[in-house]
Amino acid sequence: MNLCRRLAEDPRVDAIAPALTWDLPLRLLAGLHYLVLAHQASWEDVDGALDQHAEFLTRWVTEHVVQTNEVQRAWGLLPAFLLVADGRPFDLLELGSSAGLNLLWDRYRYRYASGAWGDGPLELTGDDRVPPPAELFQRRVTVDRRRGIDLNPVDATTEHGARLLQAFVWADQTERVERLLRAIDIVRHDPPELMRGDYVESLPALLRDRHDSAQLVVFQTASTMYLDSSATDRLRAALHDAAHDEPLVFISTGRAPDDNGFALELERYPDGRVERLGVFDFHGEWLEWGR
Ligand SMILES: C[S@@+](CC[C@H](N)C(=O)[O-])C[C@H]1O[C@@H](n2cnc3c(N)ncnc32)[C@H](O)[C@@H]1O
């Protein structure tokens with residue numbers, strides 16, 4: 001039986017988390033995975049782990065919401081970054097940055113059917129069903145500053161942070177685990193600035209703090225979809241107001257027309273009109289440019 005379903009039906013799980021939420025099996029599975037990674041439990045004996053580590057797991061499922069930082073999404077984002085590059089260094093601000101793995105997008109190597117870009121020990125590639133224009137991959141960018149803000153930032157430079165990120169990737173998804181570990185290695189060399197907070201509240205102040213000769217590029221993946229409409233309106237208003245004297249761009253994942261994958265959207269403020277650049281898979285496995 002599927003382990004997730006089995007956990008949801010196990011009476012001991014009621015004791016661990018009496019208030020059942022939709023993501024409880026995912027949280028619990030991640031807690032077990034964390035214990036396995038710490039060599040305190042084994043997939044061969046999940047029953048034993050539920051008995052022995054009930055206290056740890058109870059704490060884990062209440063304290064940890066599902067926390068994924070998917071670096072493969074940078075493969076979907078890169079063409080958008082290159083498209084907006086205007087020759088000035090980037091001043092990057094990521095909303096809902098988690099551990100900031102995608103804030104380091106310029107340190108990875110990329111391969112598409114139409115070209116390649118960048119350098120680095122981690123290569124990102126995927127199924128570009130409609131590839132971005134080859135001309136984009138001739139562009140070079142430098143990054144002047146990288147800031148991220150998250151309700152629950154993860155410090156991947158610590159053993160706990162790295163293990164937590166890995167715990168939320170299912171153990172049999174070896175390619176994702178491998179990619180994640182390489183990205184964590186890169187982050188550890190020179191981590192970005194990560195702030196704890198609600199970006200809807202903090203955005204006006206963050207946007208006032210600009211680097212003069214840099215191009216302000218705000219971006220987010222898989223995060224604003226959790227906002228209600230009034231928070232979304234406040235976020236857009238903050239972007240609009242901040243661009244009054246000096247324009248800025250916002251690169252964002254939105255809803256794809258058929259809900260299959262993310263729409264890759266570009267908003268140039270103060271105008272703020274949404275331009276759809278393409279559609280890519282929720283985890284960045286495929287990309288259709290221009291759709
Ligand atoms: C599904 S994760 C995506 C993480 C990362 N952007 C990625 O694509 O891998 C969503 C992230 O958004 C953060 N988040 C959601 N709403 C937020 C808010 N109002 N302020 C700050 N962070 C928020 C969550 O804490 C979580 O880390």
Side-chain angles (χ1 to χ4, degrees), residues 21-23 26-27 29-30 62-78 80-81 92-105 107-108 122 124 126 146-156 160-162 164-170 173 175-177 179-184 186-187 191-207 217-239 250-256 259 261-265 279-287:
T21 54
W22 68 270
D23 61 350
L26 304 180
R27 293 186 190 206
L29 207 51
T62 41
E63 286 175 3
H64 295 288
V65 289
V66 175
Q67 179 61 266
T68 45
N69 194 184
E70 181 48 71
V71 67
Q72 177 68 19
R73 291 189 182 123
W75 182 77
L77 287 177
L78 176 80
F81 287 127
L92 293 172
L93 174 61
E94 183 179 5
L95 311 181
S97 47
S98 185
L101 303 184
N102 290 329
L103 262 172
L104 297 185
W105 57 268
R107 302 217 179 122
Y108 310 139
L122 171 61
L124 299 176
R146 45 190 107 228
R147 295 178 291 168
I149 176 164
D150 200 289
L151 291 170
N152 298 300
V154 178
D155 183 356
H160 165 70
L164 182 136
L165 289 175
Q166 204 183 328
F168 279 103
V169 178
W170 310 134
Q173 297 184 326
E175 213 178 301
R176 279 184 78 194
V177 170
R179 209 163 45 215
L180 174 68
L181 293 178
R182 278 170 188 254
I184 289 173
I186 294 169
V187 165
E193 178 188 349
L194 298 181
M195 294 163 275
R196 180 181 297 277
D198 181 333
Y199 53 69
V200 180
E201 301 300 326
S202 311
L203 199 53
L206 290 169
L207 295 174
V217 177
V218 185
F219 71 101
Q220 75 79 30
T221 52
S223 184
T224 53
M225 61 196 209
Y226 297 108
L227 300 181
D228 61 24
S229 61
S230 111
T232 306
D233 289 348
R234 284 169 64 204
L235 184 130
R236 289 218 152 87
L239 292 164
F250 181 46
I251 293 168
S252 176
T253 53
R255 280 181 79 159
D259 268 340
F262 287 126
L264 176 60
E265 295 175 342
V279 176
F280 70 87
D281 167 60
F282 291 118
H283 282 149
E285 302 294 335
W286 53 260
L287 164 70

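Reckoned from all heavy atoms, side chains included, excluding hydrogens, waters and symmetry mates. One-based numbering, in listed order, for ligands and for the atoms of each.
Under the 30°/60° scheme for interplanar angles, the aromatic rings of F81 and W105 are found to lie parallel.
N102 places a side-chain N or O within 3.5 Å of a backbone atom of E70 that can act as its donor or acceptor partner. In this structure, R255 contributes its side chain and A263 its backbone to no donor-acceptor pair below 3.5 Å.
For the pair G96 and ligand 1, the shortest N or O to N or O distance falls below 3.5 Å. Note: no N/O pair closer than 3.5 Å links Y226 and ligand 1 by distance alone.
Here the straight-line distance linking atom CD of E94 with atom OH of Y199 works out to 10.0 Å at 0.5 Å rounding. In this structure, the separation between CG on D281 and CD on Q72 is 8.5 Å, given to the nearest 0.5 Å.
Residues satisfying the side-chain contact (heavy atoms from CB on, under 4.5 Å) criterion with S252, sequence neighbours excluded, are Q220, T224, F250. Listed by chain and number, the residues in a salt bridge (charged side-chain N to carboxylate O under 4.0 Å, His left out) with E265 amount to none (sequence neighbours excluded).
Distance from atom 14 (N) of ligand 1 to its nearest protein heavy atom, with residue and atom name: S223 OG, 3.5 Å. Here the heavy atom of the protein found nearest to atom 13 (C) of ligand 1 is D150 OD2, 3.3 Å. Scanning the protein heavy atoms around atom 22 (N) of ligand 1, the nearest turns out to be L151 N, 3.1 Å. Protein heavy atom closest to atom 10 (C) of ligand 1, with residue, atom name and distance, is A222 O, 3.4 Å. Looking only at heavy atoms of the protein, atom 19 (N) of ligand 1 is closest to D198 OD1, 3.1 Å. The single protein non-hydrogen atom nearest to atom 18 (C) of ligand 1 is Y199 CE2, 3.5 Å, given as residue, atom name and distance. Protein heavy atom in closest approach to atom 7 (C) of ligand 1: R73 NH1, 3.1 Å. Nearest protein neighbour of atom 9 (O) of ligand 1, counting heavy atoms only, is E70 N, 2.7 Å.
Applying the 4.0 Å criterion to heavy atoms of E94 picks out, from ligand 1, the atoms 6 (N). Taking every heavy atom of T68 and a limit of under 4.0 angstrom, the matching atoms of ligand 1 come to 2 (S), 3 (C), 4 (C), 9 (O). The ligand atoms of ligand 1 that sit less than 4.0 angstrom from a heavy atom of N69 are 5 (C), 7 (C), 9 (O).
Using 4.0 Å as the threshold, S97 has no heavy atom nearer than that to any atom of ligand 1. Judged by the shortest distance from any of its heavy atoms, Q220 lies outside the 4.0 Å radius around the atoms of ligand 1. Using a 4.0 Å heavy-atom cutoff, G197 is listed among the residues neighbouring ligand 1.
Contact between D150 and S98 at its shortest, heavy atoms only, is OD2-N, 2.7 Å. Minimum heavy-atom separation, A256 to G261: CB-O, 3.2 Å.
The number of heavy-atom neighbours closer than 6.0 Å to CD of E175, taken from other residues, nucleotides and ligands shown, is 12 or below.
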